[in-house]
Amino acid sequence: MSPTTFSRESFDTAVWRVVANIEPGQVMSYGEVARVAGFAGHARMVSQALRRSDAPLPWYRVVKSDRRLAFKPGSEAYTRQKGLLEAEGAQVVNGKVIVTESADVVDLDRLIWGPPG
DNA sequence: CCCTTGACTATCT
DNA sequence: GAGATAGCCAAGG
């Protein structure tokens, strides 16, 4: 599913829901978030949706497809994201996130079908 | 409209 | 692994 047209509101809502479900210590790429949210091909827009969010979201668990932080190394945002990730057990080496959990990304089935039970 | 920007991605050298 | 390149797509000027 990748609507040719959509409202910014519906897009933001879908993206925020996915991001809010990324578990601590795990990460997803912008492209993965877009795809799971139902907007494949809109990776760049995911960053805009995150920038627009006012509610507290684990935005720092979203990284680039190669697992590097999207911000410019040394920037304030970069430092903040690195700190937040390390605070929950992830390791950041050379701008690259090293997830020490068993899974590299969140359980997509749970994201799509909801928590078990 | 046209052009530029960007918290992107995939591929090639 | 590091650059360069091309493709991507909505927003904003």
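No hydrogens, no waters, no symmetry mates; every other heavy atom, side chains included, goes into these values. Below, read A as the first sequence line, B as the second, and so on, with proteins coming before strands; counting in each chain starts at 1.
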Test item: side-chain donor near acceptor, Thr13(A) and Ser10(A), under 3.5 Å: no
Atom-to-atom span, NE2 of His42(A) to P of dC8(C) - whole angstrom: 12 Å
Separation of atom CE in Met45(A) from atom C1' in dA7(B), rounded to whole Å: 11 Å
Spacing between Glu9(A) atom CD and dA11(C) atom P, to the nearest angstrom: 13 Å
Atom pair distance, as rounded to whole Å: CG in Asp12(A) and P in dA10(C): 14 Å
Under-4.0 Å salt bridge between Arg67(A) and Glu32(A): yes
For Lys64(A), all residues meeting side-chain hydrogen bond (donor to acceptor under 3.5 Å, both in side chains), sequence neighbours excluded: none
Length of the CD-P vector between Gln48(A) and dA10(C), whole Å: 12 Å
Cationic N near anionic O, under 4.0 Å, Glu23(A) to Arg61(A): no
Under 3.5 Å, which protein N or O atoms sit close to an N or O of nucleotides 8-10 of chain B? Give each pair with its distance.
unit_1	atom_1	unit_2	atom_2	d
dC8(B)	N3	Arg44(A)	NH1	2.8
dC8(B)	N4	Arg44(A)	NH1	2.8
dT9(B)	OP1	Tyr30(A)	N	3.3
dT9(B)	OP1	Gly31(A)	N	2.7
dT9(B)	OP2	Ser65(A)	N	2.7

Whole angstrom value for the distance that separates C1' of dG6(B) from CZ of Arg52(A): 13 Å
Val63(A), Val62(A), Val92(A) screened by side chain to side chain contact (heavy atoms under 4.5 Å, CB included) with Gln81(A), the one that passes: Val63(A)
Side-chain (Glu86(A)) to main-chain (Gln91(A)) donor-acceptor, under 3.5 angstrom: no
Backbone of Trp16(A) reached by a side-chain donor or acceptor of Trp59(A) within 3.5 Å: no
Secondary-structure notation, DNA chain B, from Watson-Crick and G-U pairs under 3.5 angstrom (| other strand): .|||||.||||||
His42(A) ring center within less than 6.0 Å of Tyr30(A) ring center: no
Spacing of Arg35(A) atom CZ relative to dC9(C) atom P, expressed in whole Å: 15 Å
